[in-house]
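Atoms within each ligand, like the ligands themselves, are counted from 1 in listed order.
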Amino acid sequence: MIAEKEFKKVTTNTLQKMKAAGEKISMITAYDFSFAKLFDAAGIDIILVGDSASNVMAGHATTLPITLDQMIYHAQSVVRARERCLVVVDLPFGSYQSNSDIALASAIRIMKESGAHTVKLEGGEETIESVKKIVSAGIPVMGHLGLTPQSINKFGTYVVRATEDTEAEKLKKDALILQQAGCFAIVLEKIPATLAKEVSDSLHIPTIGIGAGGNCDGQVLVMHDMLGINTEFKPRFLRRYLNLDEQITGAIRQYVSDIKSRDFPNENEQY
Ligand code: KIV
């Protein structure tokens, strides 16, 4: 029984096999126990404890303020809910850029204190020493290229990346270098679909796209966007699967009204 359950757990090897077999990989963000439990039970392959927690959980304008301690707190909550999926945790801004020793120390803290399975970091060639050091310590690393939100102050805007040849060429090179350095997968964010296809075809590790078209090996969305909790964010690539903002607002309005009108609680809802 235990062996059967173990067999079904998603590992980095499972993802390689899925790519080889042409089976698409599903990934979603989560930051807490309750949602992670629902997503895992619904069959998601990967939960990303994204540094987008900085935006959707803490209300910051960018991903930059979230700390390593805060990421570990979110990751611990998600890992407690996990039965089957792979849990990937973002290394937050400032926890890996200074040098590869600091990057390794941050990755080790995430693995040791949260029980997550892998880490993700943003950037190409400039991160290679860190990627290699983390991978040599036995920690699987997911790369992230294209629109890398931790560099928003360099980009100045969240528009589509790598539409020009120079940036597209660098991205293709970076993807190969990350693969060579030992990354088990790469997120491609907001780049032209043709470029994402070219990169995906050139790699033996899977690519996970967000705003990168249908030819990536998998797809990821931020849970608040796809569930319609965050309705202000309306990029073209986003498909909304629910309108939770309407449903939650309606439910809360009804609750307030029921309390005010003394309808709640009724005789059956008391001791
Ligand atoms: O932090 C995050 O949610 C991410 C995804 C957008 C890929 O990195």
Task: T63 side chain to S52 backbone, donor-acceptor under 3.5 Å - done: no
Open item on the list: Under a 3.5 Å distance rule, please check whether K8 uses its side chain to pair with a backbone N or O of R84 as donor and acceptor.
Closed with: no
TODO: Starting from the C-alpha separation in whole Å, work towards a yes-or-no answer on salt bridge (charged side-chain N to carboxylate O under 4.0 Å, His left out) for R109 and D69.
DONE: CA-CA 9 Å; R109 275 202 63 202; D69 284 339; 2.6 Å; yes
Against heavy atoms of [X], which atoms of ligand 1 measure under 4.0 Å?
X	result
D90	1 (O), 2 (C), 8 (O)
V222	3 (O)
H144	8 (O)
I210	6 (C)
T29	3 (O)

Open item on the list: Centroid separation under 6.0 Å, is that true for the rings of Y31 and F35?
Closed with: no
- [ ] Please state whether M27 comes within less than 4.0 angstrom of ligand 1, counting heavy atoms only.
- [x] no
Task: ligand 1 contacted by K120 (non-hydrogen, < 4.0 Å) - done: yes
Task: V199 versus T207, closest heavy-atom pair with distance - done: CG1-CG2, 4.4 Å
Open item on the list: Looking only at protein heavy atoms, which one is nearest to atom 4 (C) of ligand 1, and what is the separation?
Closed with: L48 CD2, 3.5 Å
Task: Salt bridge E167-K170, side-chain N to carboxylate O under 4.0 Å - done: no
Open item on the list: So for ligand 1, is S52 a polar contact partner (N or O within less than 3.5 Å, distance only)?
Closed with: yes
- [ ] Could you tell me whether some N/O pair between D51 and ligand 1 is separated by less than 3.5 angstrom?
- [x] yes
TODO: Verify the distance criterion only: is there a donor paired with an acceptor across the side chains of Q254 and D258 at less than 3.5 Å?
DONE: yes
- [ ] Determine whether the side chain, the backbone, both or neither of I208 has a heavy atom under 4.0 Å from any heavy atom of ligand 1.
- [x] neither
- [ ] Go through the steps for K132 and E129 under the test salt bridge (charged side-chain N to carboxylate O under 4.0 Å, His left out), then give the verdict.
- [x] CA-CA 5 Å; K132 282 187 182 159; E129 237 190 87; over 6 Å; no
